[in-house]
Structures are given as structure tokens and as C-alpha cells.
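First listed ligand is number 1; within each ligand, the first listed atom is number 1. For clarity, every value in this text was computed on a predicted model and none was experimentally measured.
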Amino acid sequence: MTGPDERLRRRRADVARRLAHITDEIDELRGDRGAESADDEHDPEGVTLSAEWSRLEGLRAAASTELDDIDAALGRRASGTYGMCLTCERAIPVARLRVRPDATRCVDCATASDR
Ligand SMILES: [Zn+2]
């Protein structure tokens, strides 16, 4: 049985690895584009690279946000506010924290804020 700290640290390592991989791909793509990136709109391959670029940037932004969320959760562990819903201040059910260790809201409040 692993505790929240363990789960958060493991998840953080996973996301950090994913982020590093995405960053590598972006660097590779940057190398492929080289000095001709200014011609993107006239070059069919350039358009494909642009689409791939946008996709990777999206993935990177998502992974980066996830990392921030996990760090915030680790910070809440340290300050003793972990597992408390930010909206209604009730305890977030353990089952939810098991699935989403970086959850900041209970299911009710999370659903309400998504609307
Ligand atoms: Zn709540």
C-alpha cells in the first residue's frame, strides 16, 4: 500500500520523463526545420512540420501544467492542506485522490467548475 507522497512522486517522475521526451522531439523538429522555416507556407513539408510542431507544443504545455499541479500537490502535502477541496473545503474522497493524486477539488466542485 503506497501513500499519496509515493504516488505523487512516481507520477511526477512519469510526467517529467514524458516532458523530456517531448522536448527532445521539439528540438529534433527544430533541427529539421533549419533555416528554411520562413518558407513554411510555400513548402508542403513545412506545413506538415508546422502541424507536428503545434501538436508537440500542445503536449508540452499539457505535461508542463501537469507537473505544476503535481508540485502544487506536493506543496500541499508539506503544508498539511493536501486532500482538502479548494472550493468547499471538505475532504476529497480517498478513492478520488488515488486516481487523481493532484486533485484540488472534490468531484462535485470539479464538475461544477467544468461547466
Ligand atoms: Zn468541493
Side-chain angles (χ1 to χ4, degrees):
M1 170 84 197
T2 53
D5 289 320
E6 175 70 22
R7 275 198 298 277
L8 282 166
R9 272 195 291 268
R10 241 184 250 172
R11 200 175 165 109
R12 194 185 192 288
D14 282 351
V15 177
R17 211 175 303 131
R18 175 152 41 100
L19 186 59
H21 181 71
I22 295 165
T23 305
D24 279 353
E25 285 196 53
I26 288 175
D27 285 348
E28 229 169 85
L29 204 59
R30 190 173 286 143
D32 285 349
R33 287 178 122 186
E36 307 196 15
S37 56
D39 283 337
D40 266 9
E41 14 179 343
H42 307 293
D43 175 3
E45 197 187 350
V47 172
T48 310
L49 285 177
S50 292
E52 178 66 0
W53 183 275
S54 308
R55 190 184 70 88
L56 288 172
E57 284 293 349
L59 287 176
R60 179 162 73 170
S64 168
T65 302
E66 202 173 339
L67 213 54
D68 287 348
D69 287 349
I70 294 167
D71 282 342
L74 283 166
R76 290 194 300 279
R77 290 289 302 164
S79 65
T81 57
Y82 179 78
M84 197 176 83
C85 174
L86 290 181
T87 304
C88 68
E89 301 193 349
R90 280 187 303 231
I92 299 171
V94 172
R96 173 165 167 74
L97 289 172
R98 203 158 288 168
V99 182
R100 284 282 314 270
D102 58 343
T104 53
R105 288 181 171 81
C106 67
V107 177
D108 287 349
C109 294
T111 308
S113 74
D114 279 349
R115 265 176 217 144

Enquirer: Please identify each residue that fulfils side-chain contact (heavy atoms from CB on, under 4.5 Å) with Glu57, with sequence neighbours left out.
Expert: Ile26, Trp53, Arg60
Enquirer: Is the shortest side-chain N to carboxylate O distance from Asp27 to Arg30 below 4.0 Å?
Expert: yes
Enquirer: Output, by chain and residue number, all protein N/O/S atoms separated from the Zn ion (ligand 1) by less than 2.8 Å.
Expert: Cys85 SG, Cys88 SG, Cys106 SG, Cys109 SG
Enquirer: Mind checking whether Glu66 and Leu19 have side chains closer than 4.5 Å, heavy atoms only?
Expert: no
Enquirer: Should Leu67 and Arg12 count as side-chain neighbours, where that means a heavy-atom distance under 4.5 Å?
Expert: yes
Enquirer: Return the set of residues passing side-chain contact (heavy atoms from CB on, under 4.5 Å) with Ala103 (not counting sequence neighbours), or none when no residue passes.
Expert: Arg96, Leu97, Arg100
Enquirer: Quick one: salt bridge (Lys or Arg N to Asp or Glu O under 4.0 Å) pairs with a partner in residues 80-91, sequence neighbours left out?
Expert: none
